[in-house]
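Everything below concerns the one structure shown next.
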Amino acid sequence: MDLGAPGNGSVVIEFVLLGLTETPALQPIFFVIFLLAYIITVGGNFSILAAILIEPKLHTPMYFFLGNLSLLDVGCITVTVPAMLKHLLSSDRHIPYRSCLSQLFFFHLLAGTDCFLLTVMAYDRYLAICQPLTYSTRMGWGIQRTMVAMSCVFSFCNALTQTVALSTLRFCGPNVINHFYCDLPQLFQLSCSSIQLNEKLLFVAAAFMGVAPLVLITVSYAHVVAAVLRIRSAEGRKKAFSTCSSHLTVVGIFYGTGVFSYMRLDSVEASDKDKGIGILNTVISPMLNPLIYSLRNPDVQGALRRALMGRWSST
């Protein structure tokens, strides 16, 4: 362990990420698996983004938000997986203190923006189904950009607050993190100073960025379900529900894994379960989102086919 100075006044200047496995034989296998997952995620999300940009039928608020969600997914997996791949190739698992804080900041910035954007997308579905006559005025181009911008601002404020608060803690003991990226629960366990303020800030953030958006999403979809059930045509009900099912699936995966990630703050030791939840958060969810949104969406599928056919014909 590298320390800033010897003795009781020592300060940790870098951490050691144990990663997914310490078994040398498994490291090349994990490297190939997560490299493929990274390529698929980046390729899938940029394909969705390209389809939205080139297909005029997809120039709507719902797909504008989906395009931003795709960018966030690419950013989220890029914050964690490339560093993990580097550690799998090398025996050096060290990460400097400042790099650890930077990773923490960008992860919470992107994940927080995800929270707010999923809420905005639920509000968009509420307006489209429950208030169709005023939809175009309530969801104009300027309003769309403002909602995305405010999501980024709120998330930036939270990520900065959490990072600055963490930087005030002293780390003078063990510097080994049983994870593959830096996050608050694991760093709290290594602090040799009081984390009461940090836990309170995290609790406020969880209420503001987790519970409140989830409540708003639930209320929005309660109104949507009530409105859809009033539609007399079975085909109409099916079409209305199909526009919401993809978003609800993504919300379930995102919030389900997020809740488990931060419910274990009282745990004395991190376990391999945290790594599994981290993989769901940072790898599986961003990789599945393009598939979820395109699987039952003929407009996206058609745009992707035209983009691919155009690319092949040009070559």
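None of these values were measured; they are calculated from a predicted model. In this chain, residues are counted from 1 in sequence order.
In this structure, F105 and F156 have perpendicular ring planes: the angle between them is above 60°, well past the 30° mark. Ring-plane geometry between F34 and F30 is classed as tilted, the angle between the planes lying from 30 to 60 degrees on a 0 to 90 degree scale. Between F64 and W141, the ring-plane angle classifies as perpendicular under the 30° and 60° cut-offs.
For the pair T168 (side chain) and A165 (backbone), a donor-acceptor distance under 3.5 Å is present. A donor-acceptor pair is defined here as one N or O able to donate and one able to accept, closer than 3.5 Å; such a pair exists between the side chain of T282 and the backbone of G278. Judged purely by atom type and a 3.5 angstrom limit, S155 has no side-chain atom pairing as donor or acceptor with the backbone of S151. Looking only at distances, a side-chain donor or acceptor of K275 sits under 3.5 Å from a matching main-chain atom of G19. Within the 3.5 Å criterion, the main-chain N or O of A25 finds no donor-acceptor partner in the side chain of T23. Of the possible donor and acceptor atoms, none in the side chain of D124 sits under 3.5 Å from a partner among the backbone N and O of M139. Using modelled atom types, one side-chain atom of Q162 and one backbone atom of L201 make a donor-acceptor pair closer than 3.5 Å. Judged purely by atom type and a 3.5 angstrom limit, N45 uses its side chain to pair as donor or acceptor with the backbone of T41. A distance-only check finds a donor-acceptor pair linking the side chain of T218 to the backbone of L214 [under 3.5 Å].
No continuous path of ILVMFWY side-chain contacts below 4.5 Å connects M209 to L104, so the two sit in separate hydrophobic clusters. Criterion: ILVMFWY side-chain heavy atoms under 4.5 Å apart, direct or through other members. Under it, L69 and Y63 are part of a common hydrophobic cluster.
Close placement of the Y221 and H247 rings is indicated, their centers lying within 6.0 Å of each other.
Sparse packing is recorded around CZ of F106, with 12 or fewer heavy atoms of other residues, nucleotides or ligands lying under 6.0 Å away. More than 12 heavy atoms of other shown residues, nucleotides or ligands fall within 6.0 angstrom of atom NE2 in H59.
At a cut-off of 3.5 Å, with distance as the only test, no side-chain donor of S167 or Y97 sits close to an acceptor on the other residue.
Every residue was checked against the salt bridge (charged side-chain N to carboxylate O under 4.0 Å, His left out) condition with K86, not counting sequence neighbours, and none meets it.
The two residues P213 and A207 come nearest to each other via the heavy atoms CD-O, 4.5 Å. Contact record, C130 with A227: SG-CB, 3.8 Å, taken as the closest heavy-atom pair. Among all heavy-atom pairs drawn from H87 and H94, the shortest one is NE2-O, 3.8 Å. Annotation for L190 and N175: closest pair CD1-C, 4.1 Å, computed over non-hydrogen atoms. Nearest heavy-atom pair, L187 versus F171, reported as atom, atom and distance to 0.1 Å: O-CE2, 3.2 Å. The two atoms that bring I143 and T137 nearest to each other are CD1-O, 3.5 Å, heavy atoms only.
Side-chain contact between L18 and H179: absent, with no pair of heavy atoms (C-beta onward) separated by less than 4.5 Å.
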Query raised in the report: Given the rule in the ring-ring contact (aromatic ring centres under 6.0 Å, His included) test, do F208 and F203 qualify, once you have shown the distances and angles that lead to the verdict?
Result: CA-CA 9 Å; F208 178 63; F203 177 80; over 10 Å; no

